[in-house]
Asks: 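The following block contains the structure, expressed as structure tokens.
Convention: sequence-line order gives letters A, B, ...; per-chain numbering from 1. These figures come from a predicted structure and were not determined experimentally.
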Number of protein chains: 2
Amino acid sequence: MEFKEAKNKFIQTWGALGSQWGINKTMAQIHALLMVSPEPLSMEDIMEELLISRGNASMNLRALMDWGIVYKEYKSGERKEFFTAEKDLDELAVKIAQERSKREIKPALRVLKDVSSIKGNETKETKHFVDQTSKLYDFVLKADNMIDKVTEFKDNWIGRLVMKIMK
Amino acid sequence: MEFKEAKNKFIQTWGALGSQWGINKTMAQIHALLMVSPEPLSMEDIMEELLISRGNASMNLRALMDWGIVYKEYKSGERKEFFTAEKDLDELAVKIAQERSKREIKPALRVLKDVSSIKGNETKETKHFVDQTSKLYDFVLKADNMIDKVTEFKDNWIGRLVMKIMK
DNA sequence: AATATCTTTCAATTATTTTTGAAAGTTTAA
DNA sequence: TTAAACTTTCAAAAATAATTGAAAGATATT
């Protein structure tokens with residue numbers, strides 16, 4: 001396999017993986033491309049490499065910057081903007097985890113808390129409902145706390161974690 | 001909030017969460033419904049409660065069973081099939097993690113391994129590519145191993161994990 | 001202040017995913 | 001073996017999501 005082929009395969013795979021995890025394909029592809037680019041790329045570069053429109057590139061770059069995993073850069077003398085990806089993988093994982101926690105898990109937790117605290121007639125159905133959603137609340141809360149804790153580690157937390165788990 | 005409202009809210013929220021994580025909305029909703037049902041439900045029950053077609057119910061129940069998080073049950077004297085969800089949350093998390101690892105992570109790992117081992121001319125670009133994809137391979141491999149390890153724990157692994165992390 | 005360079009926005013289009021419903025398939029019972 | 005009860009399949013339709021491209025917005029340059 002030669003470089004160009006490998007690069008393309010990597011970008012496609014990363015894109016597919018992204019879309020299986022609720023992240024838009026192009027967004028993941030742009031990120032993949034920037035990850036393996038030693039130099040910052042312009043919007044033009046990205047459009048060309050991924051064969052996408054200007055609008056698409058613009059919107060997805062914006063989204064990546066909102067996630068905090070792609071940065072804008074300016075080159076002196078150049079008018080246009082350049083982009084780089086967060087390349088530190090620990091940092092990347094933490095940012096993604098934090099963002100998903102904020103956007104999806106925390107709101108879901110609120111709902112779980114609300115629905116698990118209904119009061120009233122104690123039928124079998126309602127008892128089971130409260131019991132089950134309470135357990136779910138505790139579980140998701142723990143998982144979410146884990147994300148927060150993990151953030152404090154930094155620097156190869158996943159390696160340490162694996163060590164710890166394996167005892 | 002009364003029971004029916006709470007139940008509906010729970011199902012809707014779980015469905016939305018599912019679709020943000022690459023799991024089809026109806027599939028997540030069926031699972032949510034079964035989680036809070038003290039008794040097994042028939043396909044008819046599910047169709048009625050979620051207002052979905054027979055085909056939709058059938059396909060998504062099949063998918064849930066493939067994931068190993070919903071089981072078929074037979075009631076003696078009854079002709080039709082009934083369904084229950086895995087209600088043990090540790091078990092549920094492990095099954096989901098294993099399944100996603102098998103379906104998505106393991107294949108991606110293969111690709112990462114392949115593309116990170118290209119040989120040839122040592123330009124800045126290829127060097128950076130190999131370096132970056134190798135790191136990614138190591139990282140994803142560690143994360144995936146963590147899933148495997150966690151499986152061995154069973155019984156409230158997440159609680160223990162949080163304990164460990166917090167020292 | 002006019003022009004050139006570059007970016008963002010968004011309505012319309014295109015692509016993808018999900019859902020439906022009816023026909024075909026299966027299993028049990030009479 | 002026929003019929004009834006139930007489930008699965010899958011092509012077509014509907015719903016949802018992603019993408020385009022051109023116009024409007026910026027911002028810097030002359």
Side-chain angles (χ1 to χ4, degrees), chain A residues 11-34 40-67 70-84 100 103-104, chain B residues 11-34 40-67 70-84 100 103-104:
Chain A
I11 291 172
Q12 299 308 320
T13 304
W14 212 239
L17 200 63
S19 61
Q20 277 160 331
W21 288 81
I23 286 152
N24 147 329
K25 189 188 71 177
T26 303
M27 191 170 151
Q29 286 183 342
I30 293 176
H31 184 255
L33 172 61
L34 291 175
L41 298 183
S42 70
M43 211 153 91
E44 210 74 41
D45 295 334
I46 293 167
M47 288 163 58
E48 215 167 275
E49 187 99 31
L50 303 179
L51 302 171
I52 58 173
S53 71
R54 188 172 297 283
N56 198 4
S58 172
M59 288 165 109
N60 283 112
L61 279 167
R62 143 82 69 163
L64 284 163
M65 292 189 318
D66 288 347
W67 277 70
V70 160
Y71 313 110
K72 220 180 241 185
E73 288 198 3
Y74 297 95
K75 285 192 186 176
S76 48
E78 290 266 24
R79 187 81 163 273
K80 54 172 168 274
E81 301 169 335
F82 290 81
F83 301 89
T84 41
R100 300 206 76 150
R103 295 182 194 209
E104 297 146 22
Chain B
I11 290 172
Q12 298 308 320
T13 304
W14 212 238
L17 200 63
S19 60
Q20 277 160 331
W21 287 81
I23 286 152
N24 145 331
K25 188 187 71 177
T26 303
M27 191 171 151
Q29 286 183 342
I30 293 177
H31 184 255
L33 173 60
L34 291 176
L41 299 182
S42 70
M43 210 153 92
E44 210 75 41
D45 295 335
I46 294 167
M47 288 163 59
E48 216 167 275
E49 187 99 31
L50 303 180
L51 302 170
I52 58 173
S53 70
R54 188 172 298 282
N56 198 4
S58 172
M59 287 165 110
N60 283 112
L61 279 167
R62 144 82 69 163
L64 284 163
M65 292 189 315
D66 288 347
W67 277 69
V70 160
Y71 313 111
K72 220 180 240 185
E73 288 199 4
Y74 298 95
K75 284 192 186 177
S76 48
E78 290 267 23
R79 186 80 163 273
K80 56 173 166 273
E81 301 169 336
F82 290 82
F83 301 89
T84 42
R100 299 206 76 150
R103 296 182 193 208
E104 297 147 22

Asks: Measure CZ/Arg62(B) against P/dT18(C) and give the value in whole Å, please.
Replies: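 Taking CZ of Arg62(B) and P of dT18(C), I get 17 Å after rounding.
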Asks: Across nucleotides 19-30 of chain C, 5' to 3', mark each nucleotide with B, S or - according to how protein heavy atoms within less than 4.0 Å reach it.
Replies: SBB-----BB--
Asks: Let me know the distance between CG of Leu61(A) and C1' of dT9(C), rounded to the nearest Å.
Replies: 15 Å
Asks: Arg54(A): what forms a side-chain hydrogen bond (donor to acceptor under 3.5 Å, both in side chains) with it, not counting sequence neighbours?
Replies: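 Only Glu44(A) meet the side-chain hydrogen bond (donor to acceptor under 3.5 Å, both in side chains) criterion with Arg54(A).
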Asks: Kindly indicate, with the supporting measurements, whether the criterion side chain to side chain contact (heavy atoms under 4.5 Å, CB included) is fulfilled by Leu33(B) and Asp45(B).
Replies: CA-CA 10 Å; Leu33(B) 173 60; Asp45(B) 295 335; over 6 Å; no
Asks: Just the rounded figure in Å: distance from P of dA4(D) to NZ of Lys80(B).
Replies: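 Computing the Lys80(B):NZ to dA4(D):P distance gives 17 Å.
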Asks: What's the NZ-P distance between Lys75(A) and dA28(D), to the nearest Å?
Replies: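 Atom-to-atom, Lys75(A) to dA28(D), this comes out as 19 Å.
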Asks: To the nearest angstrom, how far is Glu78(A) atom CD from dT7(C) atom C1'?
Replies: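 So the two atoms are 15 Å apart, to the nearest Å.
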Asks: Can you tell me how far the CD1 atom of Ile30(B) sits from the CE atom of Met47(B), to the nearest 0.5 Å?
Replies: 10.5 Å
Asks: Mind checking side-chain contact (heavy atoms from CB on, under 4.5 Å) for Arg103(B) and listing every partner two or more places apart, or none if nothing turns up?
Replies: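 Arg103(B) satisfies side-chain contact (heavy atoms from CB on, under 4.5 Å) with Asp66(B), Trp67(B), Glu99(B) once adjacent residues are dropped.
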Asks: Which value, rounded to the nearest 0.5 Å, describes the distance between Gln12(A) atom CD and Leu50(A) atom CG?
Replies: 8.0 Å
Asks: Round to a whole Å and report the spacing from CD1 of Ile30(A) to P of dT7(C).
Replies: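 These atoms are roughly 13 Å apart.
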Asks: Tyr74(A) OH to dT27(D) C1': how many Å, rounded?
Replies: 10 Å
Asks: Tell me what Glu81(A) touches on the nucleic acid: a base, only sugar-phosphate, or nothing, going by heavy atoms under 4.0 Å.
Replies: sugar-phosphate
Asks: Check the pair Arg100(A) / Ile23(A) against side chain to side chain contact (heavy atoms under 4.5 Å, CB included), numbers first and verdict last.
Replies: CA-CA 11 Å; Arg100(A) 300 206 76 150; Ile23(A) 286 152; 4.1 Å; yes
Asks: In whole angstrom, give the distance that lies between atom CZ of Phe82(B) and atom C1' of dC6(D).
Replies: 12 Å
